[in-house]
Amino acid sequence: MEVIKKVTSNSSIPANLLTSIRTVTNLFKNSCYYGWLQKHRSEVLDAFSSCSSSPNKNLQLSYSTLILNYAVLLIESKDQEGQYQVLSAALEIAEEGNVEVDSKFRALVAVGSLMLEGLVKKAALDFDVLSIAKAAKASKEAKLAEIGSDIELVAKQS
């Protein structure tokens with residue numbers, strides 16, 4: 001965590017930030033790191049939160065991948081508090097206007113997954129996920145339109 005804090009506190013070096021977020025994202029490939037990732041979830045997400053609004057497309061994509069990976073991990077572990085935090089971060093990416101298509105797609109997949117399999121569907125609806133889904137559905141990008149439709153369907157299920 002100390003290395004992550006040091007790297008993320010100096011955003012003038014985007015290459016270091018990109019390397020560190022990719023390193024943390026790669027920890028999800030091995031289940032022996034799941035405990036550490038869950039224990040430090042808040043710190044990790046807070047440290048990298050600036051990546052969502054970065055003009056650097058690679059940072060955006062890496063951050064949305066981190067969010068998606070956390071969504072999957074927290075659904076499996078049934079961590080409701082963590083799911084709320086990840087939902088909030090994913091919705092922030094999905095609402096952002098200048099986010100790259102693949103980043104927005106991964107954020108929307110995280111939202112849909114949390115709504116379908118997780119414990120935060122009501123919270124997503126309270127955050128007006130339907131308007132985000134409608135905007136995605138109206139996109140010219142086929143995969144955004146498809147995930148927007150999927151989120152609408154999940155929202156309508158009881």
- Determine whether Val44 and Leu37 make a side-chain contact, defined as any pair of heavy atoms from C-beta on separated by less than 4.5 Å. no
- Message: Pair Arg22, Thr65 - check side chain to side chain contact (heavy atoms under 4.5 Å, CB included), show working.
- Response: CA-CA 9 Å; Arg22 284 181 174 168; Thr65 303; over 6 Å; no
- Task: Report the distance from atom CD of Gln60 to atom CG of Asn98, rounding to the nearest 0.5 Å.
- Result: 6.0 Å
- Give a yes or no on whether Leu27 and Val72 share a hydrophobic cluster (residues Ile, Leu, Val, Met, Phe, Trp, Tyr; joining criterion: side-chain heavy atoms under 4.5 Å apart). no
- Task: Identify the two heavy atoms, one from Ile93 and one from Lys104, that lie closest to each other, and give their separation to 0.1 Å.
- Result: O-CE, 4.2 Å
- For Asp128 and Ser131, test the side chains for any donor-to-acceptor distance below 3.5 angstrom and give the result as yes or no. yes
- Task: Could you pull out the closest heavy-atom pair between Ser52 and Glu96, with the gap in Å?
- Result: O-CG, 4.4 Å
- Note on the structure: Interatomic distance, OG@Ser139 vs CD1@Ile147, rounded to 0.5 Å, equals 12.5 Å
- Item | Over all atoms of both residues, closest heavy-atom pair of Ala155 and Leu125 | CB-CD2, 3.6 Å
- Quick note, ring-ring contact (aromatic ring centres under 6.0 Å, His included) partners involving residues 64-108, not counting sequence neighbours, are Phe28-Tyr70
- Query: Is the shortest heavy-atom distance from the side chain of Val120 to the side chain of Met115 under 4.5 Å?
  - Reply: no
- Item | pair Lys137-Glu146: side-chain heavy atoms closer than 4.5 Å | no
- At what distance, to the nearest 0.5 angstrom, does OH of Tyr63 lie from CG of Leu17? 11.5 Å
- Backbone of Ser103 reached by a side-chain donor or acceptor of Lys57 within 3.5 Å: no
- Message: Working note: Ser62 + Phe48, criterion side chain to side chain contact (heavy atoms under 4.5 Å, CB included); need CA distance, chi angles, decisive distance, verdict.
- Response: CA-CA 10 Å; Ser62 294; Phe48 292 115; over 6 Å; no
- If you look at every heavy atom in Leu108 and Ile151, which pair is closest and at what distance? O-CD1, 3.5 Å
- Heavy-atom distance under 4.5 Å between the side chains of Ser77 and Tyr34, does that happen here? no
- Note: Leu91 and Val129 closest approach over all heavy atoms is CD2-CG2, 4.0 Å
- Query: Roughly how far, to the nearest 0.5 Å, is the OG atom of Ser149 from the CG atom of Leu153?
  - Reply: 7.0 Å
- Message: As an exercise, state the distance from CG of Leu87 to CG of Leu119, rounded to the nearest 0.5 Å.
- Response: 11.5 Å
- salt bridge (Lys or Arg N to Asp or Glu O under 4.0 Å) pairs touching residues 81-92, sequence neighbours excluded, are Arg41-Glu81
- So do the side chains of Ile21 and Cys51 get within less than 4.5 Å of each other, counting heavy atoms only? yes
- Note, Val109 side chain near Asp150 side chain (heavy atom, < 4.5 Å): no
- Minimum side-chain heavy-atom gap Leu74-Gln38 below 4.5 Å: yes
- Query: So, are Asp102 and Arg106 salt-bridged, with charged N and O less than 4.0 Å apart?
  - Reply: no
- With sequence neighbours excluded, what pairs up with Glu100 under the side-chain hydrogen bond (donor to acceptor under 3.5 Å, both in side chains) test? none
- Query: For the atom pair CG (Leu18) and OG1 (Thr23), what is the distance rounded to the nearest 0.5 Å?
  - Reply: 9.0 Å
- Give a yes or no on whether the backbone of Val101 and the side-chain of Lys143 come within a donor-acceptor separation of less than 3.5 Å. no
- Just by modelled atom types, is the Tyr33 backbone N or O under 3.5 Å from a matching donor or acceptor in the Asn30 side chain? no
- Message: On a heavy-atom basis, which atom in Ile67 and which in Ala90 lie closest, and how many Å separate them?
- Response: CG2-CB, 3.7 Å
- Query: Do you reckon Val24 sits in the same ILVMFWY cluster as Leu61, going by side-chain contacts under 4.5 Å, direct or chained?
  - Reply: no
- Mark yes or no for whether Ser54, through its side chain, and Ser50, through its backbone, hold a donor-acceptor pair below 3.5 Å. no
